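Scroll down for the structure; my scribbles are underneath it.
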2 protein chains.
Amino acid sequence: MAKGASLSGFPEWLPEERVVEQQAIDTLRRIFELNGFLGIETRAVEQGSSLLKKGETSKEIYLLSRLQEVGQEHDTPVEDRLGLHFDLTVPLSRYVVENAGALTFPFKRWQIQKVWRGERPQEGRFREFVQADIDVVGNAELPEHYEVELPLVMVNAMESLRAFGLPKATVHANNRKLSEGFYRGIGLTDIEGVLREIDKLDKIGADEVTKLLVETCGATAKQAEACLRLAELSASTGAELESRFNALSKQCGIDKTSEAFALAQQGLSTLAMIVDESAKIRPGSVIADLKIARGLDYYTGSVYETFLDGAASLGSICSGGRYDNLASQGNRKYPGVGLSIGLSRLVSYMLHGAHAQASRISPASVLVAVWNEESRGESNRIARELRSRGISTDVAPKAAKLGKQIRYADHLGIPYVWFPASDDAEESVKNIVTGEQLAAQAVSWTPDSVYAQQTVRVDSDKR
Amino acid sequence: MAKGASLSGFPEWLPEERVVEQQAIDTLRRIFELNGFLGIETRAVEQGSSLLKKGETSKEIYLLSRLQEVGQEHDTPVEDRLGLHFDLTVPLSRYVVENAGALTFPFKRWQIQKVWRGERPQEGRFREFVQADIDVVGNAELPEHYEVELPLVMVNAMESLRAFGLPKATVHANNRKLSEGFYRGIGLTDIEGVLREIDKLDKIGADEVTKLLVETCGATAKQAEACLRLAELSASTGAELESRFNALSKQCGIDKTSEAFALAQQGLSTLAMIVDESAKIRPGSVIADLKIARGLDYYTGSVYETFLDGAASLGSICSGGRYDNLASQGNRKYPGVGLSIGLSRLVSYMLHGAHAQASRISPASVLVAVWNEESRGESNRIARELRSRGISTDVAPKAAKLGKQIRYADHLGIPYVWFPASDDAEESVKNIVTGEQLAAQAVSWTPDSVYAQQTVRVDSDKR
C-alpha cells in the first residue's frame with residue numbers, strides 16, 4: 001500500500017502496485033467474458049430503503065448529504081436518503097427489476113466495482129474495496145445447473161490469478177435446503193437463528209456455539225449436538241456426501257418420509273452434483289463442507305465460500321450462493337445465483353504475501369533521449385513513430401546529461417533508451433538491462449518480446 | 001441510458017451501452033499508456049478540508065456519514081468529515097504530496113474514475129460521472145514542453161474516439177499569463193474577477209459581461225472594451241497570434257517596457273509554441289482562443305477547452321491547464337499540467353447523438369446448444385474447449401426446443417450456434433447471421449474474423 005496512505009481502511013496503491021491490481025482486474029474480466037458474462041456498472045449510490053433491506057451489513061452504510069443540506073439531513077428519513085452501496089448484489093437486484101424489459105434472461109453479468117462499508121477497519125478489512133462479481137439471474141425460474149457452473153467459473157478465475165502469486169483455492173459448498181431440512185427434521189424451527197450461530201463456528205468454537213444454540217434457538221443439548229455433527233460433515237464426492245449425510249440423518253432419527261427429509265434430499269442432490277461435476281474438470285476444486293452457513297439471510301439454496309491453501313487467515317476470498325427472493329416486482333421473482341471475489345484483499349495478499357511485482361513501473365518500453373531542447377521535436381517524432389507501431393514510448397523530461405536521462409528510465413524500469421542521430425553517432429537503441437546497443441530505425445525496430453509488455457511476476461526469492 | 005434509471009443525474013447503461021463505454025475507456029487507456037503515462041486509482045473520498053480548498057465546486061460536494069452517526073453529524077466540522085471527490089485533480093495533488101518519496105518526477109499519470117457532484121442535474125450534467133485524466137506533475141519545476149504535449153495526447157485520444165461516432169475535436173488554448181499581463185497592462189488589478197466574468201461570455205453575451213466588468217471589477221468602459229477585444233482574438237498560427245496580440249496591445253496603449261507586458265509575452269510565447277507544434281502534427285487540432293478563461297482559479301499558465309464540431313451544445317468535453325500552486329508541502333511545490341475528459345457526457349453523445357452500437361450484446365461468439373439436460377456435460381465440454389482457445393462461449397440455458405435456443409443467441413447477438421453431435425447428425429456450427437452451417441470440431445474451429453470480437457460500430461443510417 002502507498003506508504004503515506006492517510007486514511008485507514010481506504011487503500012491506495014503506488015503506480016507499480018496498481019499494475020498488479022489492474023492486471024488482476026483485466027484477467028478476471030477476460031475469464032468472465034470468455035464465459036459469456038455481460039459487463040455492467042451500476043451507480044455507486046442506492047436509496048437508503050434498498051440498502052436497509054438486507055440484514056447484517058445495514059449498520060455499515062455510508063449515507064450521503066449535499067454540502068448545502070448540512071444541518072438539515074434529519075428532515076429526510078434514512079430510507080429516502082442516498083447511501084453508497086456495500087456490495088454489488090443489492091444494486092444488481094434493483095438493476096434487473098428496473099430494466100427487466102430490456103434484458104435477455106437468464107441474465108449473466110459480471111461487475112467489478114468499488115464498494116464501501118463504514119465498519120471499523122482492521123487487518124485486511126477495508127472501508128473501500130473492489131469486488132469482482134458474477135451472477136446469473138433468471139426471470140421467474142433459474143435452472144439449477146448454474147449453481148454448478150458459477151463456482152467453476154470462479155475456480156477458473158482464481159486459477160488464472162495464480163500467476164499473481166495466489167495459492168490454490170478451494171470452494172467449500174453447502175446448501176441451505178439441506179441444512180434447513182436437517183434442522184427441521186430434528187425438530188428445530190428457528191432456522192435463521194441456527195444458521196447464524198453455526199456461522200460463528202470458526203470464530204468462537206463448538207462449545208460457545210452449542211451454548212448459543214440452546215440459549216437463543218431453543219435447541220436441546222441433543223439437537224445442538226446434531227447441528228454440530230452436521231457442521232463437521234464434509235466430502236469430496238457426491239456418493240461420500242450422500243452416504244455420510246444419510247447415516248447421520250438416521251442416527252438423529254429423522255423420518256425418511258417427512259417433508260423435512262425431502263427438502264434436505266433436494267439440497268443434497270444439488271450439492272452432490274456440484275462436487276461431482278467440478279471433480280470431473282478440476283479434482284479437489286470444490287468440496288462439500290456442511291459448516292458453511294453464510295451470515296446473510298437471503299440465500300435459499302447453494303452457498304459457497306472459498307479458501308486459499310496456506311492463507312486461511314484471509315478468510316473466505318470468494319463467497320456467494322443462490323437467492324430466490326432478493327429481486328422481485330409484484331408477483332414476479334428474479335431468482336439468482338452468484339459469487340463475489342473480495343479483490344482488494346487479494347491484491348493486498350499478492351503484493352505483500354506473495355511479493356507480486358510489476359516487471360516495470362512505466363508502461364513504456366522505450367525512453368527517447370533528448371540531446372538538447374532545440375532537437376526535442378526530433379525526439380518527439382521518433383516517439384510518435386514508435387507509438388504508431390504500438391510500442392509504448394516516453395521522451396526524456398529534460399535535455400539533461402545523458403547519465404541523468406538514463407537514470408530516469410532506470411527509475412521507471414523502462415528497458416530501452418533510444419538515441420536520436422547526432423553529429424557524432426548514428427541513431428541507436430540501448431537495452432539498459434543487458435547493456436546491448438544497436439543501430440536502429442523507429443520505422444522498423446521492435447523490442448525483444450520479454451521487454452515488449454509491462455507484466456506481473458512473482459519474485460520467488462522474496463517468498 | 002437504461003430506461004428505468006430511477007435516479008436523475010446517476011446514469012446507468014444497459015449491457016449493450018456499457019460495451020460502448022467500456023471500449024471507449026479501453027481506448028483511452030491504450031493511448032495514455034502508449035504515451036508512457038502510469039495508471040493510478042485514488043480512493044473515492046477526501047477530507048472535507050481538501051475538498052473545500054478549491055473554489056467554485058465546493059458547493060457541490062457530497063459528504064458522508066456512517067449510519068450509526070446519523071443525528072450526530074453535526075458534532076464533526078465539515079473540514080473533518082469525509083466527502084466524495086468531485087474531480088481527479090484534488091486527489092492527485094494529495095496523492096503526489098503523500099507519496100512524493102516513492103514517485104519518479106516528473107510524474108506522468110492517467111486516471112479514469114467516477115466523480116460525484118451534488119449539483120442540480122440537467123441535460124448532459126450528471127451527479128455521478130466518469131472522468132478520464134492525464135497530468136504531469138513535477139517536483140519543484142516542470143518544463144513548459146509538457147504544456148504543448150499534453151493537449152496533443154488528448155487530440156490523439158479524441159481522434160481515436162471518432163471510431164465511436166465522435167466528431168472532430170478542436171482544442172482551444174489560452175494562457176493565464178498572457179491574460180493577466182494584458183489586464184494589468186491596461187490598468188486592471190482584479191485579475192481573478194475579470195477572468196471570472198470573461199468566462200461567462202458564451203453564456204450571457206458581451207453586453208452583460210461589459211456591465212459586470214464595470215460593476216464588479218472596477219473597469220472603465222474603455223478597459224472593459226479592451227478585455228472584450230482580447231477575448232475576441234483567436235489564431236491558428238503562432239505568427240498570427242503574435243501580430244494580432246501585439247497590435248491590440250499597442251492600440252490599448254500598453255507600455256512595452258512594463259512588467260505586465262513582459263508577463264503577457266511569456267504567456268504569448270508558450271501559446272504560440274502550442275499552436276505551432278500541434279499544427280506540425282495535426283493542423284487545426286489546437287487553436288489559440290483568447291476568450292478561454294476557465295472558471296477555477298488555480299490555473300497559472302496554459303488553459304484548455306475542447307469543442308466538438310457540430311456539437312457545441314455539449315460544451316467543453318476536455319478541459320484543463322497548468323497549475324503551479326495546487327500541490328505543495330512546506331516550501332516544496334509540485335507544479336502540474338493536465339487535462340480531463342468528461343467521459344460520461346461523451347458516451348451519452350456516442351449512444352444517442354451518434355448512434356454508436358455494440359456489434360452484439362454478449363461477448364460470446366458462440367452459443368453451444370443442449371440437446372437434453374443429460375447431455376449438458378458434453379455441451380459444457382465443447383464450450384470449455386472453445387474457451388481454452390480464446391473463443392468466448394455461452395451454453396444454452398435450457399434444453400429447450402432448438403428454435404428457442406437459437407432465439408436466445410439471436411437476442412444476445414451471438415453469431416454462432418454450435419450443435420453437438422447427435423444420433424441424427426455430426427457436430428456442426430451455424431452462423432445464424434448468414435445461415436451458413438458447416439461441420440466443425442471445437443479443437444480446431446475458429447470464427448470468421450468479423451464475428452470474432454465484440455466491437456463498437458457507428459450506424460450511419462441512423463445519424
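Each chain gets a letter, A, B and so on, in the order its sequence line appears, and its residues count up from 1. The shown structure was predicted, so the numbers you read here are calculated from the model rather than taken from an experiment.
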Under 4.5 Å between any side-chain heavy atoms of B/L7 and A/L82, yes or no? yes
Neighbourhood of chain B inside residues 372-381 of chain A, taking heavy atoms under 4.5 Å as contact: A/E373, A/R376, A/N380
Residue set satisfying salt bridge (Lys or Arg N to Asp or Glu O under 4.0 Å) with A/E144, at least two apart, ordered chain then number -> none
Under the rule for salt bridge (Lys or Arg N to Asp or Glu O under 4.0 Å), what residues qualify as partners of B/E149, not counting sequence neighbours? none
What one should report as the nearest heavy-atom pair of A/G36 and B/S392 is N-OG, 4.0 Å
Heavy-atom pair of closest approach, residues A/K114 and B/A44: NZ-N, 4.2 Å
Quick one: what part of A/L142 sits under 4.5 Å from any heavy atom of chain B, side chain, backbone, both or neither? neither
B/W110 versus A/P363: any side-chain heavy-atom pair under 4.5 Å? no
Is there a side-chain contact between A/R66 and B/Y62, using heavy atoms and a 4.5 Å cut-off? yes
Taken in chain and number order and not counting sequence neighbours, the residues that satisfy salt bridge (Lys or Arg N to Asp or Glu O under 4.0 Å) with B/D276 are none
What pair of heavy atoms forms the shortest contact from B/D394 to A/K108, and how long is it? OD1-NZ, 2.7 Å
Return the minimal non-hydrogen interatomic distance between A/V45 and B/F10, and the atom names on each side. CG2-CE2, 3.5 Å
Structural part of B/L103 lying under 4.5 Å from a heavy atom of chain A: side chain
